[in-house]
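Labels below follow one simple rule: chain letters A, B, ... track the order of the sequence lines, proteins then strands, and each chain is numbered from 1.
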Amino acid sequence: MRHLLSAADLSREDAIRLLDTAAQMAATQSREIKKLPTLRGRTVVNLFFEDSTRTRISFETAAKRLSADVINFSAKGSSVSKGESLKDTALTLHSMGADAVVVRHWASGAPYQLAHSGWLGTVDSPVAVLNAGDGTHQHPTQALLDAFTIRRHLVGRAGGAGRDGVGKDLTGLKVAIVGDVLHSRVARSNVNLLHTLGAEVTLVAPPTLLPVGVESWTCATSYDLDATLTGWCPDAVMMLRVQRERMSGGSGAFLPSPQEYSRRYGLDKRRLGALPDHAIVMHPGPMNRGLEISAQAADSDRSVIVEQVANGVAVRMAALYLLLAGGSSAEGTSL
Amino acid sequence: MTDNVTTYLLRGVRPLGGDAVDVLLSDGVIAAIEAPGTARADGGVVVIDATDQVLLPGLVDLHTHLREPGREDAETVESGTRAAAAGGFTAVHAMANTTPVADTAGVVEQVWRLGQDAGWVDVHPVGAVTVGLGGEHLAELGAMAESKARVRVFSDDGKCVHDPVLMRRALEYVKAFDGVVAQHAQEPRLTQGSQMHEGVVSAEIGLAGWPAVAEEAIIARDVLLAEHVGSRLHVCHLSTRGSVEIVRWAKSRGIDVTAEVTPHHLALTDELARGYDPTFKVNPPLRTADDVEAVREGLADGTIDIVATDHAPHPVEDKDCEWAAAAFGMTGLETALSVVQQAMVDTGRMTWADVARVLSANPARIGRIDAEHGRPIAVGEPATLALVDPAAIRVVDGGAQQTASVNTPFRGRTLPGRVTATFLRGRATVLDGSPVEPAGTRGGR
């Protein structure tokens, strides 16, 4: 694994290796001294063309717990008329000696371009690129932390496997992903990875928020949340953030009103009660409480939303470790 | 411009791919056509061995972006028309979206004069339909028509004349001077922020979609408007199966509509966007394989009248960036004929006579320059011709082209056919595959 650009690039073996490594990393995080020496002397650059404090902090924490030097480079400018070009930024980072670049970008494909352009090292020996979310395309570490969380709760405990479900995939599990699929890199990444790991996915959204072309994806789709919850009985429900600017008016007009969205697609107390007993509630954050998810659902004991955040650090440690420490298995090394 | 004109004898050439003959070009016209090997080469005649080569009327591009005035960093009239000659063209229609916009007699005359000075091909400026391409007020179409540039084709290309009333008025108004409105069919509201064809690939790679219906809805509206007011309409770069079907239906009703397709829409699909290389970003976008098949069918059966390049040069920095930040467009003048050969001739769907129809005679007729261009290959006709070696094979290298920009989507591809010579009224602009500087016209440009 040279880069982590898209969940679609991961084989089942790659994905399980990442999740298993993340489990090892998570275990180290309950120790009194959390820091590992693994990436001492390596430099990780967080290159953020788009604001995302949560994701940046998660990557920064992950890199620091592995003893890497971390440089935060905020190249904000969410429009086409930005200052320095992606190319010049990449050339600068390369000449400063970055070993890995974690990139968040408003443009779909920007991490792919960084990895393949030759701007960051040569085409044959490029600097490792980790996609921390690009436009409406991919957010692979989010999908990995979601899969890690699902596995820990629904495979590790139910299946009689070892703690955290190490070594297992997600065969037979059913995951509903609800909300703005059209604009969601989280949904795309999860559809790819959950399918690779053997889970079934149903996307639930109003028709305006499903992309034309979704019929080719490896999942089912539904316009009816109630029917999906009661008729399909998902093991996990993942609520996506719905941005208020998608509501009526202007170039948006995807939805008539926040109230109607909440009534038809929000996870409220009643729908929470319709879930199977073992089912978990997930959200990639940040939440719009009262819009796509009610406070009762967000704070219920089925909610694993806070745990997702903690697992994010472990998964990102695993990704950095596997990309930078030679890609050999974490087993046998002194974590 | 008949000075320095040499007499050329093309030995064993195949006009429109037919039987071999000797063709003598003298005094700017085709002076003789005789049995192969029989024409006499007097002293001073330059003999070209054209055995197995195909002779076509000089190609006519109805849709070229020469970028001058305003974006000389991408292309100039001189470099763009040199590229045109290298591609076998003898006339190009220069699109109006320059800076300033070609919406006055002054600007179209400037472009026309730059073309004259360069001397590579005849440059026929296209006039903007609306002031500044703003889509609000009609430009002075009559003044442009009466200028030295004698504009007959009007287009806001790059933007759609989307206001139906304005489009109706434009269609009506240009009838006074036998003009035509060439519409860039793109419903603006349906394509806000659009980056590529909306479908399976866009859904997967997360780029905002440009739906086929945004093109088809405008074409459907415009053919009905053209029928209502009895005007002629030209549809630029149609790209979808639905568009082909609408134009086919309109023609069956007797509506005076003509349509064009670009070489890239005949050859390339949206699958190329997967690598996020902005070289493949173009407007209208590359469509699906089914659309490619539909435009090939439409071109072969005459629904689509012409191939036009939509040659759109851009400087490197406008393509060496994120897909969403990159400019739309790709170069095409120097690959057009090869792409048509590969897609249509080598597949048996068209003959070389058909190629002459769609790349010369029809665009000359639509642009009302058919007195000088797109003529039959016959004695007494202008020696405005392109000589093609269809057996040649070449690997496209953007850096080696005549155009000032390198954004060719065919980079690294192997294409058949090579233009070996181009003649404009008897004067060679290309010989042995290389441009021949026009004598005494250009100096230090």
Side-chain angles (χ1 to χ4, degrees), chain A residues 5-8 49 75 77-82 84-91 103 105-119 131 133-139 181-189 191-192 203 210-218 221 250-253, chain B residues 187-216 240 242 269-281 283 285-291 314-328 411-412:
Chain A
L5 301 174
S6 167
F49 287 86
S78 61
S79 75
V80 174
S81 58
K82 59 202 183 305
E84 193 177 29
S85 73
L86 181 64
K87 179 178 180 173
D88 289 325
T89 306
L91 293 172
V103 60
H105 204 293
W106 49 267
S108 298
Y112 182 96
Q113 290 177 292
L114 278 177
H116 292 90
S117 59
W119 301 334
N131 183 357
D134 64 325
T136 55
H137 178 220
Q138 282 277 328
H139 193 358
V181 174
L182 178 63
H183 300 96
S184 177
R185 50 200 174 207
V186 176
R188 282 173 179 77
S189 303
V191 167
N192 295 142
L203 299 173
L210 287 171
V212 168
V214 72
E215 61 279 2
S216 71
W217 293 8
T218 52
T221 57
S251 60
Chain B
E187 211 296 312
R189 291 274 293 146
L190 283 171
T191 51
Q192 267 181 6
S194 294
Q195 296 293 329
M196 67 170 295
H197 174 67
E198 183 170 51
V200 167
V201 180
S202 65
E204 216 174 290
I205 73 172
L207 290 174
W210 198 129
V213 61
E215 173 174 310
E216 294 154 3
T240 74
T269 71
D270 62 343
E271 290 289 334
L272 289 164
R274 287 187 187 278
Y276 295 102
D277 178 350
T279 307
F280 301 107
K281 180 175 175 178
N283 192 14
L286 300 177
R287 304 287 187 183
T288 67
D290 180 62
D291 294 306
H314 289 289
V316 170
E317 60 269 26
D318 287 352
K319 287 289 191 180
D320 221 1
C321 57
E322 300 89 339
W323 178 287
F328 289 98
R411 175 186 57 209

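The line from OH of B:Tyr276 to CG of A:Leu5 is 10.0 Å long, rounded to the nearest 0.5 Å. Remark: B:Trp323 CH2 to A:Gln113 CD distance equals 9.0 Å, nearest 0.5 Å. In this structure, CD in B:Glu317 is found 10.5 Å from CG in A:Asp88, a value given to the nearest 0.5 Å. With values rounded to the nearest 0.5 angstrom, B:Glu322 atom CD is found 11.0 Å from A:Ser108 atom OG.
In terms of heavy atoms, B:Val200 sits closest to A:Ser216 at CG1-OG, 3.3 Å. Contact detail for A:Pro211 and B:Ala203: the closest heavy-atom pair is CB-CB, 3.9 Å. The shortest non-hydrogen separation linking A:Trp106 to B:Ala324 is CZ3-CB, 3.9 Å. B:Glu204 and A:His137 get closest at one heavy-atom pair: O-CD2, 3.6 Å.
Taking A:Lys87, A:Glu215, A:Arg188 one by one and counting their heavy-atom pairs under 4.5 Å with chain B, the maximum is reached by A:Arg188. Of the listed residues (B:Gly193, B:Gly275, B:Pro211, B:Ala273), the one with the most heavy-atom contacts under 4.5 Å to chain A is B:Gly275. Ranked by heavy-atom pairs shorter than 4.5 Å toward chain A, the options B:Leu207, B:Asp277, B:Asp320 are led by B:Asp320.
Residues passing the salt bridge (charged side-chain N to carboxylate O under 4.0 Å, His left out) test with B:Glu271 are B:Arg274, sequence neighbours excluded.
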